[in-house]
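Below is one structure, written out as structure tokens, with a few remarks after it.
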Amino acid sequence: MRPTVHDIAAAAGVSLATVDRVLNKRAGVRKVTRDRVEQAIERIGYVRDVAAANLAKSRIYPFVFILPSGDNSFMRGLEAEVHAAMARGPLERMVISIVKVPAFDAEALVAALDEVRATAPAGVAVVAVESPEVIAAVNRLRADRIPVVTLVSDLAGSARDHFAGVDNVAAGRTAASLLGRFLGGRPGPIAVLAGSMLVRDHRERLDGFRAVMDEDFPGHTLLPVIEGQDDPVLTEKLVSEALAASPGTVGIYSLGAGNRGLIAALKQRKDAPPVCVIAHELTRHTRAALNEGLIDAVLNQDAGHEVRSAVRVLKAKADGAAVIGAQERIYIDIFLKDNLPFDEG
């Protein structure tokens, strides 16, 4: 039979009121008594039902998601998943709010993190931009014991609690393997498109991509990275200029931003030699491009899983409960024209 608080009290030789104070980390218990209760908990194998305890206390979790603004299709899809979590909030005792900051703007992100910190939420999920200032802002949240989960793009060197996203180095390596095999020995340079190299997910994907190209497909030179700043018009212009300057380009790897501009540029290459294209994130734009033959493969991460994972981890951290690593692992999906999932939209 599962041990109860009565069993703890009997094993430690204390009152139920003392056990309650220790379990809920309240003051008024001497250290020697607290240690005796904690030892009894460990000895009898008591596992607290956190959900039931929170329900009894009518605890509400105020969470904040900090997302980049703009019209990046994947980020807007991520935002839609946060809104879905907000709709479930009353059932799961959550109040979720969204704060938007300009994409790739470290200064604006720091200001947002500090403003959120002043409200003392139960947890924060953030799409990170890597800079020393952002790391310091995240560490200030953690110093105040506010759990932090990074979404999509991680923040190395920070005290964040968890990263909800794919293994981006593995994603880049996978993209290189696909591109190299699709090219089938056809020589020529490879263009690389990024939103900004300020975000860690793009840098890690490029590191993985470059490593496999160098190891397994050394006949291809990587052209300088095109940074389109998530602006479709700018991206279309820069990609068109890069392809005109290097007409022998045989492949393009889009690290995860600016796909609409890329697709627009590809549509202008009417009679030009075909280019093999690997992109990230399945959106209505990349889905259409797959069907039209403009993109050869899309590597996708499940935005819904990432948001649900962030919520679960923030709840666990707020409660001092364990995080189940296997449940929170985010996998990479590979989509071709032939295996596209049913479009519910």
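One finds the CD atom of Glu81 at 11.5 Å from the CG atom of Leu151 (value rounded to the nearest 0.5 Å). Of the inter-residue distances, the one linking Ser254 atom OG with His280 atom NE2 reads 7.5 Å to the nearest 0.5 angstrom. Taken from CG in Asp296 to CG in Leu178, the straight-line distance is 9.5 Å, to the nearest 0.5 Å. Once rounded to the nearest 0.5 Å, the distance linking CZ of Arg160 with CD1 of Ile135 reads 11.0 Å. Residue Leu294 holds its CG atom at 11.5 Å from OG1 of Thr286, rounded to the nearest 0.5 Å.
Using modelled atom types, one finds no donor on one side chain facing an acceptor on the other under 3.5 Å when comparing Asp201 with Asn168.
Side-chain heavy atoms closer than 4.5 Å link hydrophobic residues (I, L, V, M, F, W, Y) into clusters, and following such links, even through other members, never connects Val148 to Val311.
Applying the ring-ring contact (aromatic ring centres under 6.0 Å, His included) rule to Phe209 yields the partners Tyr253; only residues at least two apart in sequence or on another chain are considered.
A salt bridge does not link Glu328 with Lys317: none of the charged nitrogens is closer than 4.0 Å to a carboxylate oxygen. Between Arg34 and Glu38 there is no salt bridge, since no side-chain nitrogen of the basic residue lies less than 4.0 Å from a carboxylate oxygen of the acidic one. The residues Arg329 and Asp167 are annotated as not salt-bridged, no charged nitrogen and carboxylate oxygen being separated by less than 4.0 angstrom.
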Salt bridge (charged side-chain N to carboxylate O under 4.0 Å, His left out) between Arg173 and Glu215, intermediate numbers included: CA-CA 11 Å; Arg173 292 182 65 88; Glu215 293 166 9; 3.6 Å; yes
Between Lys31 and Asp35, does a salt bridge (charged side-chain N to carboxylate O under 4.0 Å, His left out) hold up when you go through it step by step? CA-CA 6 Å; Lys31 184 179 183 304; Asp35 289 345; 2.8 Å; yes
